[in-house]
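Remarks on the structure that follows.
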Amino acid sequence: SDVCSSDLLIFSNFSATSILAQKDKANRAKLITDFISIADELYKLNNFSSFIAIINALEGSAISRLHASWNKVRLTFNRRLYLDTGLSRS
């Protein structure tokens, strides 16, 4: 159990560190978007421990305060939703 917990902490720290290592907003936003997509797949696979590790990284203060990057993430997901719902074909 302790090994599993430490592995998840390492995974969570890796997620956050990978995002923070990016120098510009666009690259940080891309990685945040990628980690959200990975978390979504983990959830679908019922891998809740890894899913929570990514969510913890994204909700941590170091990542959650990257407002400019999160704004780009919101634009990306709004655009995807717009395209996926077929509204662009109207």
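For the single chain, residues carry numbers from 1 onward in sequence order. Note that the structure is predicted; figures quoted are calculated from it, not measured.
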Check: Run the side chain to side chain contact (heavy atoms under 4.5 Å, CB included) check on Phe77 and Ile36 step by step: do they pass?
Finding: CA-CA 10 Å; Phe77 279 100; Ile36 290 170; 3.6 Å; yes

Item checked: Nearest-0.5 Å distance that lies between atom CD in Glu41 and atom CG in Asn47 -> 11.5 Å

Margin query: On a heavy-atom basis, which atom in Ser12 and which in Ala57 lie closest, and how many Å separate them?
Written below: O-CB, 3.3 Å

Next item on the list: Not counting sequence neighbours, which residues clear salt bridge (charged side-chain N to carboxylate O under 4.0 Å, His left out) with Lys23? List them please.
Entry: none

Next item on the list: Nearest 0.5 Å please: distance from the CD1 atom of Ile63 over to the CD1 atom of Ile54.
Entry: 12.0 Å

Please list every donor-acceptor pair under 3.5 Å in which a side-chain atom of residues 13-21 meets a protein atom from a residue at least two apart or in another chain.
unit_1	atom_1	unit_2	atom_2	d
Asn13	ND2	Leu9	O	3.4
Ser15	OG	Phe11	O	2.9
Thr17	OG1	Asn13	O	2.7
Ser18	OG	Phe14	O	2.7

Item checked: Close side-chain approach of Ser50 to Leu8, heavy-atom, < 4.5 Å -> yes

Item checked: Between CD1 on residue Ile52 and OH on residue Tyr43, distance to nearest 0.5 Å -> 9.0 Å

Next item on the list: Look up atom CZ in Phe51 and atom CG in Leu45, then write down how far apart they are to the nearest 0.5 Å.
Entry: 12.0 Å

Item checked: Phe35 side, atom CZ; Asp40 side, atom CG - distance, nearest 0.5 Å -> 14.5 Å

Check: Rounded to the nearest 0.5 Å, how far does CD1 of Ile32 lie from CD of Gln22?
Finding: 10.0 Å

Note to self: Is it the case that the side chain of Thr33 and the backbone of Ala29 share a donor-acceptor pair, with hydrogens and angles ignored and the cut-off at 3.5 Å?
What the structure shows: yes

Margin query: Once side-chain hydrogen bond (donor to acceptor under 3.5 Å, both in side chains) is applied, what residue pairs with a partner in residues 54-70 remain, sequence neighbours excluded?
Written below: Arg28-Ser69

